[in-house]
Amino acid sequence: MHYSPVALHIPDGFLSLVVSLICWAITAVLLAMAVSRTNKSLGEKQVPLMGVMAAFIFAAQMLNFPVAGGTSGHLLGGALAAIVLGPWAAMLVMTAVIAVQALLFQDGGLLVMGANILNMGLITAAIGYGLYRGVANSSRNTKLAVAGVAAWLSVMAGALATSLQLWLSGTSNLQTVVIAMLSVHALIGVGEALITVAALAFIMQTRPDLLDETSASARGGRGWVAAGVVLSLAVVLLSPLASAFPDGLNRVAEDLGFIHIAQSGSGPLAGYSVPFFADASLSKIAAGMIGALVVLAVAIIAGRGLQKKTS
Amino acid sequence: MHSDAFDRYHHGHSLIHDLDPRVKVVVTVAFILSNALLPDAAWLAFLLAWAFILIANALSGLGLGFTFRRSFIALPFALAAITALFSIPGAPVMSFRFLMQDFTITDAGLLRFVSIVIRSWLSVQMAILLVAVTEFPKIVHALNHLRVPTILTVIISFLYRYLFVLTDEVMRLLRAREARSAGAAGKRGGGSVMWRARVVGNMAGQLFLRSYERSDRVYNAMLARGYKGELMTIHPHRFQAGDLLIGLLALVCLVLMQVAGRLP
Amino acid sequence: MTDVVSVRDLHFSYPDGHAALRGVSFSLCAGDKVALVGPNGAGKSTLMLQLNGILIGRGEIAIGDMRLTRDNLPVIRGMVGLVFQNPDDQLFSPTVFEDVAFGPLHMGLPEAEVFKRVDAALESVRMTSYRDRLSHHLSVGEKKRIAIATVLSMNPSVLILDEPSAGLDPRARRRLINLLRELPITMLVSTHDMKLVEELFPRTIVMDEGLIVADGVTKEILEDETFLNAHGLEKP
Amino acid sequence: MTDVVSVRDLHFSYPDGHAALRGVSFSLCAGDKVALVGPNGAGKSTLMLQLNGILIGRGEIAIGDMRLTRDNLPVIRGMVGLVFQNPDDQLFSPTVFEDVAFGPLHMGLPEAEVFKRVDAALESVRMTSYRDRLSHHLSVGEKKRIAIATVLSMNPSVLILDEPSAGLDPRARRRLINLLRELPITMLVSTHDMKLVEELFPRTIVMDEGLIVADGVTKEILEDETFLNAHGLEKP
Ligand SMILES: Nc1ncnc2c1ncn2[C@@H]1O[C@H](COP(=O)(O)OP(=O)(O)OP(=O)(O)O)[C@@H](O)[C@H]1O
Ligand SMILES: Nc1ncnc2c1ncn2[C@@H]1O[C@H](COP(=O)(O)OP(=O)(O)OP(=O)(O)O)[C@@H](O)[C@H]1O
Ligand SMILES: [Mg+2]
Ligand SMILES: [Mg+2]
């Protein structure tokens, strides 16, 4: 049965041990924080709420709509979960979903589960929530628009993180994997954004209390705005860098010696003999334009977020 | 309720079925870890690992090829590693032109690519075997005993329980949409992409509210049965000497594989 | 007179191998109101899903003069209106209007026609005043009516209802019965409510284990108590 | 004889301001089997949720000799067993065993006692062989039985059932009726199934709009047709 549309689930074997373990470490720390925070804010209701919500995300990923040429739009759900449940609860919910997909369906590996949780659960929740939180007091339409941008960016961020992990593991060539992943997910992200916006509009219409200032959705602090904005900027700045000027990034990683550790034993990546997109000028221009647009959006959100804070 | 397709467990009684779930989980993770540790092109070790899986298959009574037949799930992802073929420096093996580009496959690149795919393929088979011979709730119990934070294991078992209820709900929603997706003869129906996305968004919103309200009712049901915030569970698994023995035996095999993989 | 629905030797197995239909044949004439009864798991819902091609099995189904094939599914779906047991599954839009308009919009009808269809459908279930309400806040009985309207707005030639009276209080159930009685349309209705069968349907089809075990005059079927008991049913 | 349950002048409003209970008083004696009927939205489910303190309103509720207060909720919940309409809300553990053991475990009983309770509860609903099954693979009728077992394992002195027969086919419904008849325990059962009321319950309470409008011998209540019609009910 087709249930999980997202091409981000890395199977075992594709990441080196070191990269897998580093991702597990980051994930474990964030999850520990999430456990303690949700314990405090939700109390004894936490268990059934998050369990059923995790099943909701799982089921919602089965919803699809035909786009064109046999492809269809889907939901990944990290941003939506974070906006309605708050960031920490969303992280736990997404973790459970990814764990079950790996354990029960072998969709995504076990050793690399840390990386999968990080890419699809933690980063997406942080971006989705951070940007939305920045405009929490604005008009309905602004909120929806920002939620859409946030949903799109969250998918892009997950794709970028996946690409970087594959590259650091010596599994893929940096430029190729980044361009391939980002261009596919730029489309998937549009589906994500459309569904997220429509679902939020539905909830605003039928149960506005779940999204107002006293709800779980509003429990994340302003620190999330900063986290969301920083992560978004990282996506926006790193993507063009990696797809148009891969040598720079490669150089940095090599200079730090990181790439050698990460690939643990397998020969280092040197030079690029496959100019898949040899004529980089086109992708440079495209990347630059998208980047500029998103920077603008993010700057506006950041501005609003800070403004609210000071006023 | 009808989503039987989600249950990967295969009923049966065998040495492997009856093994303590903790042993099964530990051996599976150790096997995958061992794969990750094997150097590229450790052919002998890969072969031993496959033999290990075949033996486990046979002992589980599911047939030698059981995991093999189901192991192609991870293959599409292999695309991600395909650039390794060309990008790792080494002696050229073959060249071809495609989309007006020259591609040269190197021997080192080939070794790396094949190694990655084999590692992944072996790991997936082991994971498939684990769920095929262990009921999912038992895997979750095992995780609990292995000190995975309780809150996570509890959320996972709730997820598993309501997975069936909610995916059934989704199937019915999708059917309802399909049933009304008519087209008048000779007219092109279906609406714009935006509209279709909005319909799906509405369904997601609907599903969210229903799930949210259901979680309230479940919480009430838990309260009614004495829940006070801390979840108590009872997992009557008893560790037997046999379980321990088989577990240790499997781990020794993995060590031998590592040795085999590092022979010059 | 041609049959509105005719089904010949229909077989269907779910992907997991369960044979839910094992050779079903029957036909409905224009204006027929037929009850479909049988124990849980008999295959009633499965059969209904075949009739507008949501599930496709082996055998022959014709709606009017048209054989159901993969190519004419959109047209068939405009002719066969399917109402699910649980109205929550049927109402997925935020407002009543949007839900009732879904079918006509999808058929590519012009806007004015869509509005007309919605109004007519709401009128026939007597829910005109609910046009702009949120579906989410309706009572079960109200939701059932709207669910029927969502299908009537497509002007179907057959109405297929899966357990319409479940969960209704006696008054809402009575209203539903009256509504079904008045609708001048061919209908096939699955139910566990034997009193409803007795009151409303001249003809009854009994299914068990994927087969039709009886098809005939309701009164006669309901009188044969040993037969009913053998198929998990009861006299009303 | 003391009352097992007594309720005095109970009021309750939902957070959105809707007054669901507007002064309800009644009592149940040991061994009573009482039906609770009334139209959709009458307040039946709301009342049931009050009886073991899941919702807390204004008024007085006593279970046995104990007044219900926030402090003795855990004890009260061990005495009042509540079964929800939808078994999917009630069976939240993956396996039947875990679900039936949930109540006793949370009462802090020793392990051996928990096992004994589970076995006894499954025995009394005749589902012993389902002990290690997965909850989601059961049929509706089976789920309902297990839901009752999850509550019986707590040895409650009162059993509260919210619409137990909804969605069952006639055979499963018959089995449930027999089960309820045999259980030697005080019970309050809400239902829309007037035939069930007639068959099983000597006493009936009728609610409408948050008030009790009748409380008496079932036979007499069911005979007063104008009264029934006024409250959305029907003669069976
Ligand atoms: N998606 C599915 N996959 C596998 N088996 C299924 C599926 N849906 C239904 N079944 C099985 O097919 C048989 C017929 O199911 P169906 O839902 O048609 O019964 P029904 O007569 O409608 O029962 P009910 O009165 O409970 O609604 C049942 O045994 C059921 O378990
Ligand atoms: N969570 C809630 N918030 C606000 N109002 C509610 C809530 N739950 C129920 N109500 C309202 O309280 C009233 C009583 O509801 P209740 O569920 O007790 O009725 P009921 O008698 O059980 O009906 P049914 O026969 O449909 O189950 C109804 O008008 C209902 O709309
Ligand atoms: Mg059915
Ligand atoms: Mg109720």
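Labels below follow one simple rule: chain letters A, B, ... track the order of the sequence lines, proteins then strands, and each chain is numbered from 1.
Contact of B:I116 with chain A is made through backbone and side chain together, with heavy-atom distances under 4.5 Å. If you measure heavy-atom distances from B:L111 to chain A, you find no contacts under 4.5 Å at all. Proximity to chain A involves both the backbone and the side chain of B:M203, based on heavy atoms less than 4.5 angstrom apart. Within the 4.5 angstrom heavy-atom criterion, atoms from both the backbone and the side chain of B:A78 approach chain A. There is no contact between B:F113 and chain A, counting heavy-atom distances below 4.5 Å. Within the 4.5 angstrom heavy-atom criterion, only side-chain atoms of B:V154, from C-beta onward, approach chain A. Looking at B:N202, both its backbone and its side chain come within 4.5 Å of chain A, counting heavy atoms on both sides. Using a 4.5 Å cut-off between heavy atoms, B:L174 touches chain A through its side chain atoms alone. If you measure heavy-atom distances from B:F208 to chain A, the contacts under 4.5 Å come from both the backbone and the side chain. Contacts between B:I32 and chain A at a heavy-atom distance below 4.5 Å involve backbone atoms as well as side-chain atoms. For A:I203, the part lying under 4.5 angstrom from a heavy atom of chain B is the side chain only. Heavy atoms of B:L166 lying under 4.5 Å from chain A belong to its backbone as well as its side chain. Neither the backbone nor the side chain of A:V190 comes within contact range of chain B; no heavy atom of the residue lies under 4.5 Å from a heavy atom of that chain. In this structure, chain A has a heavy atom under 4.5 Å from the side chain of B:T28, while its backbone stays farther away. Residue contact with chain A, scored on non-hydrogen atoms closer than 4.5 Å, is absent for B:L85. If you measure heavy-atom distances from A:M53 to chain B, the contacts under 4.5 Å come from the side chain alone.
Ring geometry for B:F68 against B:W50 counts as tilted: the plane angle lies between 30° and 60°, on a 0 to 90° scale.
Across B:Q206, B:R198, B:M222, B:R119, the residue that shares the most heavy-atom pairs under 4.5 angstrom with chain A is B:Q206. Interface remark: of the candidates B:V218, B:L209, B:L223, B:L143, B:L209 forms the most heavy-atom pairs closer than 4.5 Å to chain A. Between chain A and the options B:A132, B:A36, B:P39, B:A81, heavy-atom pairs under 4.5 Å are most frequent for B:A81. Taking A:L92, A:V35, A:L103 one by one and counting their heavy-atom pairs under 4.5 Å with chain B, the maximum is reached by A:L103. Among B:D216, B:L130, B:V199, B:I139, the residue making the largest number of heavy-atom pairs under 4.5 Å with chain A is B:D216. For the set B:I155, B:I118, B:T106, the count of heavy-atom pairs under 4.5 angstrom toward chain A peaks at B:I155. Note: A:L210 leads A:T38, A:V93, A:L210, A:V112 in heavy-atom pairs under 4.5 Å with chain B. Highest contact tally toward chain B, considering only A:L110, A:T196, A:V100, is held by A:V100 [criterion: heavy-atom pairs under 4.5 Å].
A donor-acceptor pair is defined here as one N or O able to donate and one able to accept, closer than 3.5 Å; no such pair exists between the side chain of B:S34 and the backbone of B:A30. The backbone N or O of B:V133 lies less than 3.5 Å from a partner atom in the side chain of B:K24, making a donor-acceptor pair. Side-chain atoms of A:W24 come within 3.5 Å of backbone N or O of A:L111 as a donor-acceptor pair. Side chain of A:S16 to main chain of A:S169: no donor-acceptor pair is present (N/O by atom type, distance under 3.5 Å, no hydrogens or angles). Looking only at distances, a side-chain donor or acceptor of A:T171 sits under 3.5 Å from a matching main-chain atom of A:F14. The backbone N or O of B:A91 sits less than 3.5 Å from a side-chain atom of B:D107, completing a donor-acceptor pair.
A 4.5 Å side-chain heavy-atom check between A:V84 and A:L200 finds at least one atom pair inside the cut-off. In this structure, B:I156 and B:F136 have side chains that are in contact, with non-hydrogen atoms separated by less than 4.5 Å. Looking at A:T27 and A:M113, their side chains never come closer than 4.5 Å, going by heavy atoms from C-beta outward. Between B:L38 and B:Q258, the closest side-chain pair of non-hydrogen atoms falls below 4.5 Å. When side chains are defined from C-beta on, B:M171 counts as touching A:M62, because their heavy atoms get closer than 4.5 Å. Between A:I57 and B:L159 the shortest side-chain heavy-atom distance does not fall below 4.5 Å.
Residues of residues 121-128 of chain B lying under 4.5 angstrom from chain A, judged on non-hydrogen atoms, are B:S123, B:V124, B:A127, B:I128 in numerical order.
Checked against B:L146 for a side-chain contact (heavy atoms from CB on, under 4.5 Å), the options B:T153, B:V29, B:V25 give a single hit: B:V25.
In this structure, CG in A:N173 is found 10.5 Å from CH2 in A:W167, a value given to the nearest 0.5 Å. Atoms CE and CG, from A:M94 and A:L85 in turn, are 11.0 Å apart once rounded to the nearest 0.5 Å.
For B:R214, the salt bridge (charged side-chain N to carboxylate O under 4.0 Å, His left out) test picks out B:E169, D:D89, with sequence neighbours left out.
Under the 3.5 Å distance criterion, with hydrogens and angles disregarded, no donor-acceptor pair is assigned to the side chains of A:N116 and A:Q101.
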